[in-house]
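Here is the structure we will look at.
This chain uses plain numbering: 1 for the first residue, then up along the sequence. Given the structure is predicted, the values throughout are model-derived calculations rather than measurements.
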Amino acid sequence: MAIVKMKKVSLVVLDREREEALEKLRDLGLVHIERIYAGSDKLSALNEKKALFERCAFLLPQNVAADKNKKGDVKAAEELALKIVSFGDKLKALNDEKEKLSKDLKSLEPWGNFNPADVEFLSGKGVELKFYELSKDKLAELSDVDYFVVNTIKDRTFIVATGAKFPAVEEFHLPACGIDGCKAKIAEVDKEAAKVQAELAKLAVDKNVITEGTKLLEKEIEFESVSADMQVEDSLAYIDGYVPADTVAELKSAAAKENWALLIRDPDDEDAPPSLLRNPKWVERIQPLFKFLDITPGYREADISVWFLMFFTLYVAMIVGDAGYGAIFFLLTLLICKKAPKPVVTLLMTLSIGTVVWGTITGTWFGSETIVKHTFLGNLVIPQIASFAEEGVDTNYYIQNLCFFIGITQLLLGLIISFVRKLPSLAAWTDVGWMLVVVASYFVAQKFVLGAAAFNPITWPLAAAGFVIVCLCSEQNGNVVKGICMGLAWSPMKVLDTVSMFANLVSYIRLFAVGMALKSALATVAVATSFNAMAAGLAESMGVAGVIIGAVILFVAHAFNMVLALLSIIVHGVRLNTLEFGGRVGLEWSGYRYAPFKK
């Protein structure tokens, strides 16, 4: 369970054989190319073609089913895309024309229905008519001007003057056609647009041709991008990349067969190799979550996949908290198991089963106390953490204590991993100091959060010892005396880090708080019971209608709560693993995935 060791390779070929060499390198599928993102005219043309294909997705109607049997290459896709785009351009022109006609129609409404051609006719006979829209103040200023009022709307007056010009007022210029003419033209435009949309609907049946062509085009773009990245010196072309150390022999064999020059060495400190996580199959199921969150540990960081999976499963179970919900999630997973990738299915099944187990031992099935008390499920409940507490049992105390125990366990585990990775450096002992601080923080939390009668007597000695070790070791970088002096100089900041460590531990109480919030919202105890009681009351008082209404209430209430639970998982369950735990391990999630150049 570690990040696979990488080797940096430089491949040198004759420039005239570059295309052929890249074809064979792609067939080999081992080298992660170190990209410099150079450009070329061919690459630009391919990207323009891809943009053309992508534009079609916005032009074609989405309600037309594609013929999946339609296949095609890039050329066929381009021919189809050009047709679609031409119709799209025509449709855009028609929509622009309609928008202009609609604006003209709206501007003419206050003036009434007449033909602007008549105004042009009068102008040719020497009668100049000017159209103005005036406010009351401007209208009052008019004197010795021949005009007549056409319309008045609120405080605006529409007038026609004969030959008069008002520099302070903008003249209204008549459109080419009147109201009737605009309406007639809009009708013609709509008719023509309907024809174009019908043609696009016919072409939409063949859109799978563009889908297939896009896939082939993306392969061409990737190939041309790598080709453009190859540097040329005289008659030689070369490129850098990374391969897993255990595949070097295979690459050497291919290079010898193809007469490639190959330089292989360990990555320098300045290099940033990709991260390849190689874990047992049962751990690989966490990878879909990493991809969804777009997080990858750096090449020189630790792989915490196994711990992430274990703790995340526990956190999901505690946050959702309801075995009934877990059972529903499991059934939904079964419905998608044939269509979804296997790692996704196994992850969802793991989380669902974990939720069912937690809900069972806490006695939470759809927020109903009756389901548990009157069935064998009651025998499976652990009273100290039960959702429906027995008299005299303070379940909140036990669950909060459990949350802190989980927190201190995960934080200490992260510090142990960090300590081992830093050895034999003296700086590794900084993590030992933080371990003591974490344990002391646990005792402080018991006093102030859980209400313990007194501090554990070793609390402050642990905190003091841990703080001293942190100050002495945190700045060690070769010169011991200088490191001690620097650590002491930075001791005020270490105080803040100590407070932060306590805050990290207390943040695990969110497992309890979120669970209680969901219970309060709907899921398991107070309000869930109220909703269940409401549904039962409706059924009793209203008969069949009450049963139907109650069922709808229960469905909506629990569905809404399941959505809240899923959101809480992302916000809280992920945070505890990536930030609190990952931070103690020293993870910055600064890596990127190993993606070899292959078909």
Side-chain angles (χ1 to χ4, degrees), residues 11 13-93 195-232 237-241 254 258 260 274 291 339 341 592-599:
L11 180 70
V13 301
L14 293 173
D15 187 32
R16 67 173 182 269
E17 299 176 356
R18 184 200 310 186
E19 300 290 323
E20 180 183 356
L22 287 180
E23 288 281 3
K24 295 184 182 299
L25 190 66
R26 184 169 64 174
D27 290 338
L28 191 62
L30 292 178
V31 182
H32 179 109
I33 304 298
E34 188 174 48
R35 301 298 308 278
I36 60 174
Y37 298 99
S40 70
D41 293 338
K42 184 178 180 180
L43 184 59
S44 298
L46 291 173
N47 281 321
E48 288 178 6
K49 193 177 296 185
K50 183 182 177 183
L52 174 70
F53 291 179
E54 290 174 343
R55 186 182 171 193
C56 294
F58 297 98
L59 296 175
L60 293 175
Q62 300 300 313
N63 59 343
V64 179
D67 184 355
K68 297 297 183 180
N69 295 320
K70 288 281 187 177
K71 304 294 181 182
D73 54 15
V74 175
K75 183 178 180 181
E78 184 177 12
E79 291 174 355
L80 179 59
L82 289 173
K83 289 181 183 179
I84 293 171
V85 168
S86 66
F87 280 117
D89 290 340
K90 187 174 182 180
L91 186 62
K92 182 179 183 302
K195 291 180 180 179
V196 174
Q197 289 173 337
E199 291 296 328
L200 286 173
K202 291 179 182 178
L203 294 176
V205 177
D206 299 333
K207 58 187 173 183
N208 197 57
V209 173
I210 294 180
T211 301
E212 296 294 324
T214 301
K215 293 177 182 178
L216 296 173
L217 180 63
E218 287 174 344
K219 293 178 181 178
E220 286 188 33
I221 290 174
E222 182 188 23
F223 185 88
E224 183 56 33
S225 298
V226 175
S227 179
D229 281 350
M230 291 195 79
Q231 303 297 294
V232 179
Y238 64 92
I239 197 165
D240 296 328
E258 303 298 335
W260 299 337
K291 290 181 180 179
K339 296 183 178 180
Y592 63 101
R593 292 182 175 273
Y594 167 72
F597 179 50
K598 64 178 181 179
K599 287 187 178 180

- Message: Holding to side chain to side chain contact (heavy atoms under 4.5 Å, CB included), I want the full list of residues that pass it with K219, two or more places apart in sequence or in another chain.
- Response: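 Per chain and number, K219 pairs via side chain to side chain contact (heavy atoms under 4.5 Å, CB included) with R26.
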
- Task: Would you please name every residue forming a side chain to side chain contact (heavy atoms under 4.5 Å, CB included) with K291, sequence neighbours left out?
- Result: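 R593.
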
- Please test L82 against L52 for side chain to side chain contact (heavy atoms under 4.5 Å, CB included), starting from the C-alpha separation and ending with a verdict. CA-CA 8 Å; L82 289 173; L52 174 70; 3.9 Å; yes

Any idea which heavy atoms bring [X] and [Y] closest together, and the distance?
{"X": "V209", "Y": "G72", "answer": "CG1-CA, 4.2 Å"}
{"X": "F223", "Y": "E19", "answer": "CE2-OE1, 3.0 Å"}
{"X": "A77", "Y": "G213", "answer": "CB-CA, 3.9 Å"}
{"X": "A38", "Y": "A228", "answer": "CB-O, 3.3 Å"}
{"X": "P596", "Y": "G29", "answer": "CB-O, 3.6 Å"}
{"X": "C56", "Y": "V85", "answer": "SG-CG2, 4.3 Å"}

- Task: Decide side chain to side chain contact (heavy atoms under 4.5 Å, CB included) for V226 and L25; before the verdict, give the C-alpha distance in whole Å, the side-chain angles of both, and the deciding distance to 0.1 Å.
- Result: CA-CA 11 Å; V226 175; L25 190 66; 5.8 Å; no

Distance check, rounded to the nearest 0.5 Å: [X] atom [atom1] versus [Y] atom [atom2]?
{"X": "R18", "Y": "M230", "atom1": "CZ", "atom2": "CE", "value": "6.5 Å"}
{"X": "F53", "Y": "E78", "atom1": "CZ", "atom2": "CD", "value": "5.5 Å"}
{"X": "K50", "Y": "T214", "atom1": "NZ", "atom2": "OG1", "value": "8.5 Å"}
{"X": "D73", "Y": "L216", "atom1": "CG", "atom2": "CG", "value": "7.5 Å"}
{"X": "D27", "Y": "F597", "atom1": "CG", "atom2": "CZ", "value": "9.0 Å"}
{"X": "I210", "Y": "L80", "atom1": "CD1", "atom2": "CG", "value": "4.0 Å"}

- May I ask you to decide if G241's main-chain N or O and H32's side chain share a donor-acceptor pair within less than 3.5 Å? no

- Query: Can any side-chain N or O of Q62 pair as donor or acceptor with the backbone N or O of L60 at less than 3.5 Å?
  - Reply: yes

- Query: Which side-chain hydrogen bond (donor to acceptor under 3.5 Å, both in side chains) pairs, counting each pair once, include a residue from residues 35-48, with sequence neighbours left out?
  - Reply: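 Sorted result for residues 35-48: R35-D229, S40-E224.
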
- The complete set of side-chain hydrogen bond (donor to acceptor under 3.5 Å, both in side chains) pairs with one or both residues in residues 81-92, sequence neighbours excluded, reads R55-D89, K90-E192, K92-D96

- Item | salt bridge (charged side-chain N to carboxylate O under 4.0 Å, His left out) partners of D240, counting only residues at least two apart | none

- Contacts of type salt bridge (charged side-chain N to carboxylate O under 4.0 Å, His left out), residue K339, not counting sequence neighbours: none

- Query: Taking atom NZ of K598 as the centre, does the number of heavy atoms from other residues, nucleotides or ligands within less than 6.0 Å exceed 12?
  - Reply: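 Incorrect, the count does not exceed 12.
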
